[in-house]
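Lettering of chains follows the sequences in order, A, B, ..., and the numbering in each one begins at 1.
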Amino acid sequence: DGGITQSPKYLFRKEGQNVTLSCEQNLNHDAMYWYRQDPGQGLRLIYYSQIVNDFQKGDIAEGYSVSREKKESFPLTVTSAQKNPTAFYLCASSGDRGSYEQYFGPGTRLTVT
Amino acid sequence: AQSVAQPEDQVNVAEGNPLTVKCTYSVSGNPYLFWYVQYPNRGLQFLLKYITGDNLVKGSYGFEAEFNKSQTSFHLKKPSALVSDSALYFCAVRVSGYSTLTFGKGTMLLVSP
């Protein structure tokens, strides 16, 4: 899991509540990413950021929000507008200086009831 | 648009036998191709990548993959499977000039003793 930490590992929330997932990296990477993983669907991109104070929507951004105030941190908020928030959430980062690959954190499993 | 197909949901192989996990891709432009492995409730671990050069790429844990431009494939191989190779494997593609990856839906590899 390299130098990327996600907390907590398991998170439980009641429907209608917003929840924020933490992602921190000490790899000095410029780019950071949030993915959602559901069984049989692979990874789907929620948001990504290539530089501080800038981010772009991915394929499934509705019901989610992010911020990138520091290079090391890229928190994801799952809002009450997200219709089916229960999933495994993965954060990743990449250096984009000739390495190209992304490095992943250990993930947060969110359960909303 | 870029896409990745992993045609097999599951691959079963006996320990000691060679294994192949298939991946085909569709992109406009030069592809960068990646393989990742995921163990239960963990993040993704990078195995290997093709950026340019030799079509046969060697990676971690004895895995290798062959880039075939005419067949738009990037199959993952290992000469002799181990029970510990049992995991979920993802193929991903990225196009030169873009920072986001598109993942396949994953293939579960089961190696029996």
Would [X] and [Y] show up in the same hydrophobic cluster when neighbours are defined by side-chain heavy atoms closer than 4.5 Å?
X     : Y     : value
A:L21 : A:F88 : no
A:F74 : A:Y89 : yes
A:L45 : A:V66 : no

Counting only heavy atoms not in [X] (residues, nucleotides, ligands), do more than 12 fall under 6.0 Å from its [atom1]?
X     : atom1 : value
A:K71 : NZ    : yes
A:I51 : CD1   : no
B:Y39 : OH    : yes
B:N30 : CG    : no
A:E15 : CD    : no

(request) Check each atom of B:Q6 against the heavy atoms of chain A and say whether the ones under 4.5 Å are side chain, backbone, both or neither. (result) neither

(message) Any side-chain to backbone donor/acceptor pair from A:K9 onto B:N41? Under 3.5 Å, distance only.
(response) yes

(request) Examine distances only and state if a side-chain atom of A:Y100 and a backbone atom of B:L33 form a donor-acceptor pair shorter than 3.5 Å. (result) no

(message) Using the ring centroid of each side chain, check whether A:F104 and B:F46 are separated by less than 6.0 Å.
(response) no

For the [atom1] atom of [X] and the [atom2] atom of [Y], what is their distance to the nearest 0.5 Å?
X      : Y      : atom1 : atom2 : value
A:Q102 : B:Y36  : CD    : OH    : 5.5 Å
A:D59  : B:T102 : CG    : OG1   : 7.0 Å
A:L43  : B:L44  : CG    : CG    : 5.5 Å

(message) What I'd like to find out is whether the side chain of B:F90 reaches to under 4.5 Å of the side chain of A:Q37, using heavy atoms alone.
(response) yes

(message) A side-chain contact here means heavy atoms from C-beta on lying under 4.5 Å apart; do B:Q45 and A:Y103 qualify?
(response) no

(message) Looking at every non-hydrogen atom in both residues, tell me the closest pair between B:R42 and A:L90 and how far apart they are.
(response) O-CD2, 4.5 Å

(request) Check whether A:Q41 gets within reach of chain B through its side chain, its backbone, both or neither, counting any heavy atom under 4.5 Å. (result) backbone

